[in-house]
Amino acid sequence: MSEAAARAQLVELGRSLFDRGYSVGTAGNISVRLADGYLMTPTNSCLGRLDAARISRLGPDWAHQSGDKPSKEVFLHRAVLQARPEAGAVVHLHSTHATAIACLAPEGGDAEIPPLTPYFVMRIGRRLPCVPYYRPGDAAMEPAVHAAALAAKALLLANHGPVVSGATLADAVHAAEELEEAARLALLLRGVPGLRALNAAQVDDLLRQFG
Ligand SMILES: O=C(O)[C@@H](O)C(=O)COP(=O)(O)O
Ligand SMILES: [Zn+2]
């Protein structure tokens with residue numbers, strides 16, 4: 001995909017996430033890997049009103065090259081994209097239910113979203129690590145995020161929100177949407193008698209086919 005097409009898609013999918021309430025105000029940020037660098041949403045920008053020409057461009061060394069000042073979460077995106085060479089994009093949101101799970105999950109452990117539906121397993125996988133709390137934009141988070149991203153394509157930032165990678169920007173956005181819906185379902189069904197999750201054999205089968 002050309003850089004111009006990647007910029008246009010970032011604007012389109014940012015607006016789509018914002019319009020459906022997955023992001024509010026200026027929350028969240030998105031990065032896209034290019035052949036010779038990265039695109040990143042500017043700091044304090046609204047995902048619903050991105051301007052393709054003002055999107056931040058960073059070089060292969062992550063130095064700011066052009067466009068508005070990049071998100072303060074450059075370290076977060078760098079940690080994930082360096083840990084996952086197959087990933088083409090990273091989406092960070094404050095979507096309500098995934099963020100609620102990020103306030104419940106044990107810091108440094110795995111979040112408890114049971115494998116209730118196949119699509120969650122197919123899009124997110126077996127594990128959802130929760131990185132301990134760091135102030136947004138704190139470069140000190142990079143090693144912990146890198147370690148979590150080595151283990152899983154999606155992770156939670158404790159008391160902050162979800163971070164999801166994907167082979168393409170569309171994949172990352174779809175997985176972030178699926179994570180939010182799975183989190184909503186998990187909270188809705190928490191403690192409900194008779195709740196049935198997929199069993200280990202069913203999860204293994206899904207990951208063999210689609211993982
Ligand atoms: O929560 C935060 O402050 C950031 O992680 C965020 O979501 C928005 O920050 P910018 O991308 O710098 O606007
Ligand atoms: Zn954030």
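Ligands are counted one by one from 1 in listed order, and the atoms in each one are counted from 1 as well. Here the structure is a predicted model, which is why all the values come from computation and not from measurement.
Counting heavy atoms from C-beta on, the side chains of Leu50 and Ile30 never come closer than 4.5 Å.
Ligand 1 lies within reach of Asn44, whose nearest heavy atom is under 4.0 Å from it.
Nearest to atom 5 (O) of ligand 1 among the protein's heavy atoms is Glu73 OE2, 2.5 Å. His160 NE2, 2.9 Å is the protein heavy atom nearest to atom 1 (O) of ligand 1. Here the protein heavy atom with the shortest distance to atom 12 (O) of ligand 1 is Thr43 OG1, 2.6 Å. Protein heavy atom at the shortest distance from atom 3 (O) of ligand 1 is Lys72 NZ, 2.8 Å. Considering only non-hydrogen protein atoms, atom 6 (C) of ligand 1 sits nearest to Asn29 ND2, 3.3 Å.
By the criterion of side-chain heavy atoms lying less than 4.5 angstrom apart, applied directly or through intervening Ile, Leu, Val, Met, Phe, Trp or Tyr residues, Ile124 is not grouped with Val121; the two fall into different hydrophobic clusters.
More than 12 heavy atoms of other shown residues, nucleotides or ligands fall within 6.0 angstrom of atom CZ in Arg20. Counting heavy-atom neighbours within 6.0 Å of Glu107 CD, excluding the residue itself, gives a total above 12. Environment of CZ in Arg184: sparse, with no more than 12 heavy atoms of neighbouring residues, nucleotides or ligands closer than 6.0 Å.
Residue Ser71 has at least one heavy-atom neighbour below 4.0 Å for each of these atoms of ligand 1: 10 (P), 11 (O), 12 (O). Close contacts of ligand 1 with His92, meaning ligand atoms under 4.0 Å from a residue heavy atom, involve 5 (O), 7 (O). Listed by atom number, the atoms of ligand 1 under 4.0 Å from Thr26 heavy atoms are 8 (C), 13 (O).
Of the N or O atoms in Ser45, none lie within a sub-3.5 Å distance of an N or O in ligand 1. At least one N or O atom of Gly28 sits closer than 3.5 Å to an N or O atom of ligand 1.
Under the side chain to side chain contact (heavy atoms under 4.5 Å, CB included) rule, Arg190 has a single partner from Leu185, Leu104, Leu195, which is Leu104.
Side-chain N/O atoms of His160 and His92 include a donor and acceptor closer than 3.5 Å.
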Practice task
Apply side chain to side chain contact (heavy atoms under 4.5 Å, CB included) to the pair His146 and Leu150, showing each step before the final yes or no.
Solution key: CA-CA 6 Å; His146 188 269; Leu150 287 175; 4.0 Å; yes
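Residue Pro136 touches ligand 1 through its side chain alone, judged by heavy-atom distances below 4.0 Å.
The atom name of the N/O/S atom in His160 closest to the Zn ion (ligand 2) is NE2.
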